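The block underneath contains the structure these notes are about, expressed in structure tokens.
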Amino acid sequence: MKAIVLVGGEGTRLRPLTLTTPKPLLPIANIPFLERQLSWLASFGVTEAVLSMGYLPDAFKEHFVGDRFGDMRLRYAVEEKPLGTAGGIRFAAEGITERVVVCNGDVLTALDLGAMVAFHEDRKAQASIYLCRVDDPSMFGVVPTRDDGEVIGFIEKPPRDQAPTNWINAGTYVLEPEVFDRIPTRVNVSIERETFPRMVETRGALYAFPYDGYWLDIGTPEKYLQAHTDILRGDLGEPPTQSATEASPGIWVEAGATIDPSANLHAPVLIGAGATIGAGATIDNSVVGPNANIADRAILRRAVVHRNARVGEHSEVADSVVGAEAQIESSTSCVDVTLVGAQARVLRGTQVSAGRVAAEGQ
Ligand code: GTP
């Protein structure tokens with residue numbers, strides 16, 4: 001089976017992290033998000049994926065050396081201008097004459113894709129949409145269906161008390177090639193706002209598959225942090241990384257990490273390969289990237305520190321993200337959903353709350 005993964009968005013809500021690294025290549029618990037997604041697709045028999053991209057395309061090509069990920073073949077469809085979700089699919093599907101799975105490149109899910117494909121075949125659908133259930137659908141596209149799953153309509157961001165259902169479009173689709181013909185070429189078209197709503201007029205074409213498992217859109221800073229806690233707690237049912245071993249319950253450590261015996265580690269925690277944790281440092285519900293350095297008496301609480309970054313002595317990072325190679329100098333604090341971009345510097349003694357700190361020139 002083939003897949004198209006939509007990775008063309010600029011990821012504006014995660015700036016400045018996404019100024020240098022496209023959202024799908026940001027690490028989630030030390031593994032680039034897209035690698036987690038491609039592994040998930042491969043586990044359901046996907047052997048070829050087209051990356052539908054436009055923003056920072058070279059970052060993907062440099063990341064996947066040899067245009068392969070394990071046994072999976074990768075192809076790139078680079079848009080000259082953003083074509084939206086449907087336009088991007090149409091462009092990426094050029095030359096494909098068989099069924100494809102389409103995923104947004106920012107959705108972490110435990111969906112049983114095999115069960116969804118079986119549902120799609122059983123209904124002889126042209127397109128099937130994965131639905132997940134959320135408590136508050138007011139930020140999402142809600143999809144009411146008939147009893148057999150046929151889609152009745154689409155309601156974008158309904159007020160919470162007026163939503164007819166809590167089942168939302170979860171951003172993964174199974175499409176037959178006739179759907180591609182419904183999308184005009186080389187113009188910006190949205191599949192969720194234009195193509196699918198029009199398909200409702202053709203009876204028996206569009207179905208929705210409800211699946212009540214883990215689902216998270218990692219596209220906001222809060223959700224990006226949440227994804228780490230969830231993976232560390234095992235909500236996706238696997239160790240956070242293949243190479244991590246569980247030193248004690250919920251404390252995951254990769255090879256070559258050096259942890260001072262006086263450091264306080266509070267689960268869940270993941271310490272990356274070659275990272276250093278100094279004397280008296282506190283690491284609580286946090287991820288430390290490969291070769292990162294957390295200095296003596298620094299404090300991380302619900303923090304994500306990317307590779308090669310440094311958090312200086314007596315500094316605190318809480319509910320915040322520190323990008324690759326960033327420098328948090330000593331006696332500073334970055335709290336309340338602060339994002340520090342790759343290679344940025346937070347100067348000694350600075351207090352940053354809910355801030356965005358980019359490297360000079362970015
Ligand atoms: P924000 O700017 O923070 O909203 O993030 P985003 O740019 O990723 O937008 P959004 O989260 O709405 O996008 C959902 C998915 O569609 C993501 O996987 C994006 O990479 C992808 N996407 C959005 N726009 C385009 C586009 O024009 N072309 C392609 N190929 N993919 C897109």
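Both counts, for ligands and for their atoms, begin at 1 and track the order of listing. Note that the structure is a prediction, hence the values are computed from the model and not measured.
With sequence neighbours left out, A354 forms a side chain to side chain contact (heavy atoms under 4.5 Å, CB included) with D336. Not counting sequence neighbours, the partners of D136 by the side chain to side chain contact (heavy atoms under 4.5 Å, CB included) test are S138, R160.
Per-atom contact check: atom 18 (O) of ligand 1 touches the protein, criterion being a heavy-atom distance below 4.0 Å.
Taking a cutoff of 4.0 Å between a charged side-chain nitrogen and a carboxylate oxygen, R99 and E121 qualify as a salt bridge.
Shortest contact from atom 13 (O) of ligand 1 to any protein heavy atom: D106 OD2, 4.2 Å. For atom 2 (O) of ligand 1, the closest non-hydrogen atom of the protein is T12 OG1, 2.6 Å.
Where the criterion is an N or O separation shorter than 3.5 Å, residue side chain and backbone included, T85 fails it with respect to ligand 1. Checked against a 3.5 angstrom limit, the closest N/O atoms of G9 and ligand 1 fall inside it. Considering backbone and side-chain atoms alike, G88 places every N or O at 3.5 Å or more from each N or O of ligand 1.
A donor-acceptor pair under 3.5 Å is formed between the side chain of S286 and the backbone N or O of A303.
Heavy atoms from both the backbone and the side chain of N104 come within less than 4.0 Å of ligand 1. In L14, neither the side chain nor the backbone holds a heavy atom less than 4.0 Å from any atom of ligand 1. At a heavy-atom cutoff of 4.0 Å, ligand 1 is contacted by both the backbone and the side chain of R13.
The contact set between ligand 1 and G105, taken as ligand atoms under 4.0 Å from a residue heavy atom, comprises 18 (O). Within the listing of ligand 1, atoms 27 (O) sit less than 4.0 angstrom from a heavy atom of P82. Counting the atoms of ligand 1 from 1 in the order shown, those under 4.0 Å from a heavy atom of E79 are 26 (C), 27 (O), 28 (N), 29 (C), 30 (N). Near K23, with a cut-off below 4.0 Å to any heavy atom, the atoms of ligand 1 are 5 (O), 6 (P), 8 (O), 11 (O). Each of the following atoms of ligand 1 lies closer than 4.0 Å to a heavy atom of V7: 20 (O).
Residue nearest to atom 27 (O) of ligand 1, selected from G8, S190, G84: G84 (by heavy-atom distance).
Here the side chains of N169 and F140 are not in contact, with every heavy-atom distance at 4.5 Å or above. With contacts defined as side-chain heavy-atom distances shorter than 4.5 Å, the pair I183/E194 does not qualify.
Between E79 and S52, the side chains place a donor N or O and an acceptor N or O closer than 3.5 Å (distance only, hydrogens not considered).
Partner of R133 under the side chain to side chain donor-acceptor pair (under 3.5 Å) criterion, out of T165, D212, N166: D212 alone.
Remark: R193 CZ is loosely packed, at most 12 non-hydrogen atoms of other residues, nucleotides or ligands lying under 6.0 Å away. Annotation: K61, atom NZ; neighbour count of heavy atoms from other residues, nucleotides and ligands within 6.0 Å is above 12.
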